[in-house]
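Below: the structure, in structure tokens.
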There are 2 protein chains.
Amino acid sequence: MTRWAPDAALRLEAAALDLVAEQGYAATTVPQITHRAGLTTRTFFRHFADKRDVFFLRDREFPRVVAAALEGLPAETAPLAALQQGLERATSPLAQWREPILRRRAVIRAEDQLRERELLKSGHLADAIAEALVARSRPGTEVTPAEARLLASVAVLVFDRALDSWLDGPPLSPLSAHLADAWRDLAALFGP
Amino acid sequence: MTRWAPDAALRLEAAALDLVAEQGYAATTVPQITHRAGLTTRTFFRHFADKRDVFFLRDREFPRVVAAALEGLPAETAPLAALQQGLERATSPLAQWREPILRRRAVIRAEDQLRERELLKSGHLADAIAEALVARSRPGTEVTPAEARLLASVAVLVFDRALDSWLDGPPLSPLSAHLADAWRDLAALFGP
DNA sequence: CCACCTTATGACATTCCGTGTCATGATGGC
DNA sequence: GCCATCATGACACGGAATGTCATAAGGTGG
């Protein structure tokens with residue numbers, strides 16, 4: 001597909017993470033990042049909308065992955081069950097990325113500018129989930145747009161919480177277990 | 001208190017809202033805003049951390065208001081009930097601000113840069129709520145920090161949803177009714 | 001009434017962010 | 001081999017955001 005070095009975005013991401021680990025986010029400039037990656041400043045902004053975006057390269061396709069997982073489920077599956085199963089399937093590949101995700105989270109947590117971008121990405125994930133829920137809505141398991149938005153918000157809340165406890169927990173505990181815990185904790189607030 | 005014109009921040013906010021309504025957010029520059037408010041660019045950044053922040057002047061004290069409402073409740077009130085009552089009390093003054101809140105939401109919805117800032121403010125609200133829940137935790141209605149964060153996330157989700165449906169609904173419907181609806185909708189997902 | 005301190009603002013300089021535009025070189029189709 | 005395409009380089013430029021010093025307004029204590 002791409003001709004030149006196909007990993008320009010990945011090189012920029014790696015350079016950015018290195019520099020931020022050394023100097024912090026504020027002290028790291030885009031020219032520094034591009035110089036380390038062997039590129040120019042202008043090229044950086046062709047791959048990323050702004051300086052913050054370089055730290056969210058991996059999140060770009062995740063909404064589509066979750067949406068695809070949802071639409072791949074049997075039509076009879078009720079919305080809430082579909083969210084549980086869809087999240088579990090979409091997140092299973094994350095197991096092998098635990099360490100880089102951990103390092104990236106440390107960077108994001110340290111800077112409000114990155115934290116708000118992370119929240120926006122979660123918002124986009126919720127949008128994609130809501131859209132997918134409406135798309136797979138069938139007579140019998142009907143989902144209105146308003147219900148879909150609520151379900152999607154809840155799903156993202158559960159996902160974020162499960163991801164956090166997974167990253168904070170022992171290295172080998174499966175993410176799926178933390179997802180189940182998060183669903184159970186939430187239901188326990190309203191159930192008996 | 002303040003000596004010069006005590007309303008510099010308010011003037012800047014009004015000028016910014018006017019200009020954005022006329023030209024859109026991207027086309028509006030900070031020099032334009034400050035010129036209309038009769039101030040200089042440098043003064044803008046003394047009142048607001050960045051260009052986006054001018055649209056969130058009103059949200060600054062809201063986390064403290066909610067936290068105060070929570071801590072003003074009887075210690076016996078269970079956490080979930082405390083959140084319901086606390087939100088209802090803290091939001092009751094919003095009734096008179098419906099129109100300006102509506103205009104502001106239209107501006108924020110139109111721009112991702114403002115939407116992500118709004119999400120960060122919601123995050124700060126959740127932080128304040130979680131902290132307040134832990135602070136009012138008593139033997140009998142014990143709340144761990146992890147539970148508090150979950151409860152706070154749920155409360156913010158409910159608040160955001162109720163605010164949206166309130167703004168989308170008829171002008172005179174009380175916000176408290178939309179809050180109750182949002183709590184009921186959420187519980188219905190997990191209850192019977 | 002006067003020196004003094006505090007504080008909001010103005011004025012100026014500077015760095016970096018982000019974008020528009022055109023040129024260049026590499027690639028692949030035909 | 002010619003040409004269209006696309007990633008990148010090079011250059012220019014306006015705006016965001018900050019550091020620093022100066023100034024004016026007001027309050028305070030003598």
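Heavy-atom basis, side chains included; hydrogens, waters and symmetry copies ignored. Below, chain A is the first sequence line, B the second, and so on; all start at residue 1.
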Worked verdict on A:Asp53 versus A:Lys121 for salt bridge (charged side-chain N to carboxylate O under 4.0 Å, His left out):
CA-CA 10 Å; A:Asp53 212 40; A:Lys121 298 288 183 178; 3.5 Å; yes
Is there a side-chain contact between A:Thr40 and the phosphate of D:dG9, meaning an N or O under 4.0 Å from OP1 or OP2?
yes
I want to verify a distance call: between C:dC17, D:dA16, C:dT9, whose nearest atom is closest to the B:Lys51 side chain?
D:dA16
Which comes earlier along DNA chain C counting from the 5' end, the contact point of B:Gln113 or that of B:Thr43, where each point is its nearest nucleotide?
B:Thr43
Classify the angle between the aromatic ring planes of B:Trp183 and A:Phe190 as parallel (below 30°), tilted (30 to 60°) or perpendicular (above 60°).
tilted
Hey, is A:Glu116 close enough to A:Arg52 for a salt bridge, meaning N to O under 4.0 Å?
yes
Candidate nucleotides D:dA16, D:dA10, C:dT9, ranked by approach to the side chain of B:His47 - the nearest
C:dT9
Under 4.0 Å between a side-chain nitrogen and a carboxylate oxygen: does that hold for A:Asp59 and A:Arg117?
no
Nucleotide nearest B:Arg42 (side chain, heavy atoms from C-beta), chosen from D:dC21, D:dG19, D:dA16:
D:dG19
Which nucleotide wins on minimum distance to the side chain of B:Arg46, given the candidates D:dG15, C:dT9, C:dC17?
C:dT9
What is the separation between atom CZ on A:Phe44 and atom P on C:dT19, rounded to the nearest whole Å?
11 Å
Could you tell me how far apart B:Phe45 (CZ) and C:dT15 (P) are, to the nearest whole angstrom?
18 Å
